Amino acid sequence: MNRSIVLVAIAAALGLSACTSTPTPAPDTTATSSSAPSSATPPTTVVTTVVTQTVTNPPPPPAKPVIGSFGYGGLKLGMTLQQAQDAKLIGPNISGEPDTFCTFHDIIGTGGRAYVSKAKGVSSIFFTADMSSDGIGSGATEEKLKVEYTNLKPSIGSSYTATADGNSNAYFHFLVGKGMVTTAVLNINGQDCHS
């Protein structure tokens, strides 16, 4: 038994020495002249390069604007026509009328529209259900409107109004027909562009 342990220890030592010994370089076989003095080939050097690369995720796309108590994304109630155009959310005047009192504009890429008053700035923003975070707008059901806007008050005809949360200078107005919201608009108080 002791002999087995000694043999295993010797085999292990020989194995370790074989793993840690420096290899003898091979003789240089590229010499072309026998008269040239023989020189030993220098040991081969291994260079390891570690490359690190910082990977960054691209920034997320800008958040889709939504209708709120103060406007639609960067388009805010009360903005002048120039400020509204600079927000790059409205197109040119589509009313076909001279812009004496108000201009009417498509909200680019949405199906919504906005009135801009000379006196009050952006005064009304008409919006679709796709322009809101809660799915309320033109095209939503009247039932969903009543669930989402618990502060609705009946108004003239088949319409409702609701105060704009946190903005005492604005209110929402919804027209309904056949159980659907047909018009949804955020108005500045005293808007002077439409009835």
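Just so it is clear, the values below take in all heavy atoms, side chains as well, and ignore hydrogens, waters and symmetry mates. Here the structure is a predicted model, which is why all the values come from computation and not from measurement.
Annotation: side chain of Phe126 is in contact with side chain of His194 (closest heavy-atom distance under 4.5 Å). Using a 4.5 Å heavy-atom threshold, the side chains of Leu77 and Asn169 count as separate. Under the 4.5 Å side-chain criterion, counting only non-hydrogen atoms from C-beta, Val66 is not in contact with Met131.
In this structure, OG1 on Thr141 lies 10.0 Å from NZ on Lys146, to the nearest 0.5 angstrom. One finds the CG atom of Asp192 at 11.0 Å from the CG atom of Asn187 (value rounded to the nearest 0.5 Å). From Leu89, atom CG reaches atom CE of Met79 across 8.5 Å, with rounding to the nearest 0.5 Å. Atom-to-atom distance recorded for Leu152:CG and Thr163:OG1 is 9.5 Å, nearest 0.5 angstrom.
Linking ILVMFWY side-chain heavy atoms closer than 4.5 Å, directly or via other members, places Val185 and Phe174 in two distinct hydrophobic clusters. Under the 4.5 Å side-chain contact rule for hydrophobic residues, Phe127 and Tyr115 do not share a cluster. At a threshold of 4.5 Å between side-chain heavy atoms, the hydrophobic network of Ile, Leu, Val, Met, Phe, Trp and Tyr places Ile136 and Tyr72 in one connected group. Two different hydrophobic clusters hold Ile107 and Phe70 under the rule that ILVMFWY side chains link at heavy-atom gaps under 4.5 Å. One hydrophobic cluster, built from ILVMFWY side chains closer than 4.5 Å, holds both Leu186 and Val181.
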Before you tell me yes or no, could you show the steps for Asp134 and Ser132 under side chain to side chain donor-acceptor pair (under 3.5 Å), namely the whole-Å CA-CA distance, both residues' side-chain angles and the distance that decides it to 0.1 Å?
CA-CA 5 Å; Asp134 55 13; Ser132 69; 3.1 Å; yes
Please walk me through it: do His105 and Ile94 pass side-chain contact (heavy atoms from CB on, under 4.5 Å)?
CA-CA 6 Å; His105 306 265; Ile94 60 170; 5.7 Å; no
Test side-chain contact (heavy atoms from CB on, under 4.5 Å) on Gln83 and Val122 and set out the steps.
CA-CA 9 Å; Gln83 290 169 326; Val122 174; over 6 Å; no
Residue pair Phe172, Tyr149: steps toward the ring pair (Phe, Tyr, Trp, His ring centres under 6.0 Å) verdict:
CA-CA 10 Å; Phe172 290 96; Tyr149 283 78; 5.5 Å; yes
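Contact between Gly137 and Ala184 at its shortest, heavy atoms only, is CA-CB, 3.6 Å. Closest heavy-atom contact between Ala87 and Gly74: CB-O, 3.8 Å.
Counting only distance, with no hydrogens or angles, the side chain of Ser155 and the backbone of Ser159 share no donor-acceptor pair below 3.5 Å. For the pair Ser123 (side chain) and Lys120 (backbone), a donor-acceptor distance under 3.5 Å is absent. Formation of a donor-acceptor pair under 3.5 Å by the Ser69 side chain with backbone atoms of Asp165 is found in this model.
Side-chain polar atoms of Ser95 and Asn93 form a donor-acceptor pair below 3.5 angstrom.
Results of the side-chain contact (heavy atoms from CB on, under 4.5 Å) test with Leu75 over Ile108, Ile90, Val116 single out Ile90 as the only residue that passes. Ser158 pairs in a side-chain contact (heavy atoms from CB on, under 4.5 Å) with only one of the listed residues (Thr182, Leu175, Val176), which is Val176. Screening Ile156, Thr161, Thr183 for a side-chain contact (heavy atoms from CB on, under 4.5 Å) with His173, the sole residue that qualifies is Thr161.
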